[in-house]
Structure formats: C-alpha cells, structure tokens
Amino acid sequence: MTEADRKGFDLNGLLAERAAERYDLHARHLNHQLPRMLHTIGFDKVYERAEGAYFWDDEGNDYLDMLAGFGVMGVGRHHPVVRRALHDALDASLADLTRFDCQPLPGLLAEKLLGHAPHLDRVFFGNSGTEAVETALKFARYATGRPRIVYCGHAFHGLTTGALSVNGEDGFRAGFDPLLPDTPIALGDLAALERELRRGDVAALIVEPIQGKGVHAPPPGFLRAAQELLHRHKALLIADEVQTGLGRTGDFFAYQHEDGVEPDLVCVAKALSGGYVPVGATLGKDWIFKKVYSSMDRVLVHSASFGSNALAMAAGLATLSVLEDEELVANARRTGDLLRTRLAALTDRYELLKEVRGRGLMIGIEFGRPKSLGLRSRWTMLQAARKGLFAQMVVVPLLQRHRILTQVSGDHLEVIKLIPPLVIGEPEVERFLAAFTAVMDDAHNGGGLMWDFGRTLVKQAVAQR
Ligand SMILES: Cc1ncc(COP(=O)(O)O)c(C=O)c1O
C-alpha cells in the first residue's frame with residue numbers, strides 16, 4: 001500500500017499515537033466499571049501481541065490464555081489458516097450482502113456445519129450467541145404455536161431481552177423485568193419438566209449440555225429423557241452449544257456425548273469464526289424452518305443485516321477446516337482428560353479444593369470449606385463478605401505471579417473455569433499445574449500476600465453493599 005492510499009486514515013499511526021490512552025479512553029467513553037475493576041485487581045495490563053494460546057505484554061512477557069476470549073479463540077489466536085481465508089475474502093472484493101442474491105459461502109458453511117449434526121437440515125446465520133438463542137426461541141415459539149420456554153437454574157444463554165428471559169441468575173435479570181413468561185426448573189429435574197409440559201403451553205426446553213456458569217452437567221441420561229418427554233408433549237429440545245460446541249468438550253457438539261440425543265434446534269457461535277468476526281448460527285430441523293418461512297411473504301420474517309456476511313462465513317469455513325486438519329476435537333478430549341485428572345488428584349492434597357469437573361477443555365475447579373480451624377476462620381470471613389472471593393483470590397495470583405489468565409466462573413461462585421484454546425498440549429498443562437499448585441500452597445500456608453489480598457477484597461465487598 002502506498003502512502004497515498006493511506007491518506008486520511010492510518011490505523012498504525014493512530015495506535016502509535018494514542019494506544020497509551022486505552023484505559024482512560026475506556027473509563028471516559030465506555031463501561032467505566034471495567035477499567036475500575038481491572039485496576040482494583042491489578043489486571044490493568046497492556047497486552048501487545050497474541051498467537052495461539054499466548055499473548056505478550058509491553059515488556060515481552062508471555063501469558064498463557066486459559067480463557068480464550070470467553071471461548072471465541074477455540075483454534076487459538078491468529079490462526080494462519082483463518083487469517084489467510086479472511087485476507088482472501090477481502091482481496092476477492094466479493095459482491096457481499098447485496099441481500100437479493102444467493103452467495104456461495106453461507107451455503108457452504110451451512111453444509112459443513114450440518115455435516116456434524118446429520119439429523120438437522122437448515123441453518124440461520126446471525127452475529128452472536130445471544131442472537132443464535134433469540135432465533136431458536138422465536139423459531140420454537142412459532143413452530144409450536146406455544147408461548148413458554150422452560151430453562152434451567154443457573155443457565156446462561158446471552159443478555160438480549162429474549163435470552164435474558166431464560167437466564168437462570170437473578171443478578172443478570174434484576175431490574176430488566178418484565179421479561180417473557182418463561183419458567184425455570186432445576187438442571188436435571190425431569191419431574192419438574194413434565195409438570196410444566198402437562199400445562200400444554202411449553203414450546204421448548206433450552207439447555208446448555210454443560211453449563212457455563214459453574215461448569216455443571218445435567219445427570220447422565222437427562223438430555224435423552226428430556227427429549228423423549230418434550231417430544232411426547234409436542235415440544236422441542238434446544239441445545240445451546242454456544243460455549244460447548246465446536247469441540248470444546250471433546251465431542252464436536254457436547255450433546256453428542258450421549259447416544260440418541262438429537263436436539264430440534266442447536267445454537268452455535270463464539271469459536272465458529274476463529275475469534276475474528278462476530279457470528280452466530282442456529283441449526284434446526286427442516287419442518288421448523290418451513291413453518292417459520294412458510295410463504296414468500298415471510299422470506300424476511302427473521303433476518304439480520306449482517307447475517308451470512310462473507311468474512312464471517314469465510315472465517316467459519318476456515319475454522320472448521322482447522323478443527324478437522326489439526327484434530328482439535330480429539331486434542332480437547334485428550335488434553336482435557338490429562339488436565340482434569342491431574343487437577344482432580346490434588347483434591348486429596350488441598351483441603352480448600354472441593355471438586356474438579358467438566359469434560360474436554362471445559363473444566364471447573366470448585367473450592368470449598370476447609371476442615372482445619374485456622375483456614376476455616378479465614379474462609380468464613382470471605383464467605384460472610386461475598387461468595388466467590390476465594391476463587392477471585394486464586395485467579396489474581398495466577399495472572400499476577402504466573403501470567404496465566406483464568407476467570408471466576410460466575411457471580412457468587414467459588415469456581416474457576418478453564419476454557420483454553422483447543423490447541424494447548426502437555427507444556428501448557430504442566431505450566432498450569434505448577435502455577436496452580438504454587439497458589440494453592442500459598443493459600444494453605446495461611447499467611448502472606450494471598451490472604452492480605454483476600455482482606456482487601458472483603459473490604460471492597462463490604463463497601464459495595
Ligand atoms: C451458552 C451460551 N449461550 C449464549 C451466550 C451468548 O453469546 P454472545 O456473548 O455471543 O451473545 C453465551 C456467552 O457466553 C454462552 O456461554
């Protein structure tokens with residue numbers, strides 16, 4: 001590109017000039033609580049570069065990413081194959097989004113996705129996970145002619161108003177009501193599901209095969225039994241695979257872990273475009289789509305201006321090809337098994353470590369009340385201030401001292417969730433275990449910086465009440 005082409009706008013120049021203002025700009029013009037929170041816990045770093053499962057700060061230190069951008073970086077950051085596909089799509093100057101033609105890429109991506117869910121027939125492409133869920137909710141309501149969706153306690157399906165109506169946490173819902181007339185049941189409670197179905201107004205059950213908040217799976221056999229109940233009552237099963245899909249749990253879709261589960265609608269997003277382009281997809285049965293799009297008049301009854309755009313589709317096709325070529329689903333299972341087993345073995349050693357659960361590279365580490373007196377009083381002090389503070393006390397030194405990014409798996413939960421890029425292997429497992437062991441040793445020694453930090457968190461939690 002010549003200097004003349006750059007005239008008017010120079011991205012690199014702009015960044016060179018103003019990138020240092022990033023936190024101030026955010027505080028001034030965006031959600032001001034984010035920089036505030038990041039300053040408080042010392043997460044206010046300046047990351048400059050990223051590749052695969054790592055990023056680097058302005059001093060050249062490497063950070064291991066066990067969060068994958070909330071799951072969007074399934075194939076790792078800046079995968080060369082996805083990058084090349086995006087460059088190719090840009091360079092092709094495609095006649096994209098004319099809206100009154102049929103482009104080849106959406107059809108090709110739909111064909112490829114449906115190859116992984118052979119019982120499903122059609123795909124709607126939107127731009128995010130919550131939009132994939134909105135689509136499923138609308139399609140289920142329209143196809144069944146019924147208003148109510150059943151969802152599970154602690155469920156997370158996105159934060160637009162429809163998806164919020166099936167959110168299982170009060171913290172997200174409060175103050176945004178009235179929401180839609182949907183009904184929660186406990187995860188795995190078949191009797192409650194049947195009770196709701198008997199009322200005859202339920203369109204569907206929406207469920208994450210493994211919940212993102214807390215990393216809880218329903219009991220074995222639940223999805224299959226729920227599906228049978230739902231179908232007996234002419235209602236639908238919606239699997240929200242926004243987080244669990246595309247290999248995360250060691251199967252392409254997490255519902256495939258058990259035989260015979262064939263959801264009527266499946267929501268996909270996050271990792272589908274290699275972390276580059278917003279994308280969402282709702283896969284479903286032919287009869288459902290045929291009902292929604294029942295006549296030419298209804299051709300745009302559900303659509304999105306950016307849905308099926310060429311960059312998202314090209315990135316999606318490239319991502320699926322990477323998953324296949326690098327056998328990342330099998331890697332997620334193998335590496336996940338290794339990491340989970342090694343972590344689970346530590347529950348005997350650390351009384352604050354209660355349980356390690358999950359599947360593939362979606363792992364929950366839950367902390368719990370210790371037995372010994374000294375630790376118990378510290379634990380109780382934290383719990384009295386706010387649940388989830390101990391997990392936060394672990395997340396912070398993992399980043400500060402060991403340069404590993406993780407997250408607490410939900411508000412008021414003593415659970416850390418690991419959802420690294422699916423490309424990690426033994427070196428990353430070893431690095432995580434060494435760091436986690438060091439942090440847990442510190443916590444069990446009872447003194448030092450870690451519990452000092454705990455006291456700071458307690459003060460803040462109390463101050464916020
Ligand atoms: C299971 C599940 N569904 C839906 C969503 C919403 O996706 P998005 O943030 O792309 O709207 C998420 C996001 O974390 C999710 O985990």
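Along the sequence shown, the residues carry numbers beginning at 1. In each ligand, atom 1 is the first atom listed, and ligand 1 is the first ligand listed.
Within a 6.0 Å sphere centred on NZ of Lys45, other residues, nucleotides and ligands contribute more than 12 heavy atoms.
With sequence neighbours left out, the ring-ring contact (aromatic ring centres under 6.0 Å, His included) criterion links Tyr151 to no other residue. Residues meeting the ring-ring contact (aromatic ring centres under 6.0 Å, His included) test with Phe125, sequence neighbours left out: none. Considering only residues two or more places apart in sequence or on other chains, Arg224 meets the salt bridge (charged side-chain N to carboxylate O under 4.0 Å, His left out) condition with Glu228.
For Tyr63 and Tyr47, the ring centers sit closer than 6.0 Å to each other. For an aromatic pair to be called close, the ring centres must be under 6.0 Å apart, and His302 with Phe139 satisfies this.
Within 4.0 Å of ligand 1, the residues that place a heavy atom are Ser128, Gly129, Thr130, Phe156, His157, Gly158, Glu208, Asp240, Val242, Gln243, Lys270, listed by chain and number.
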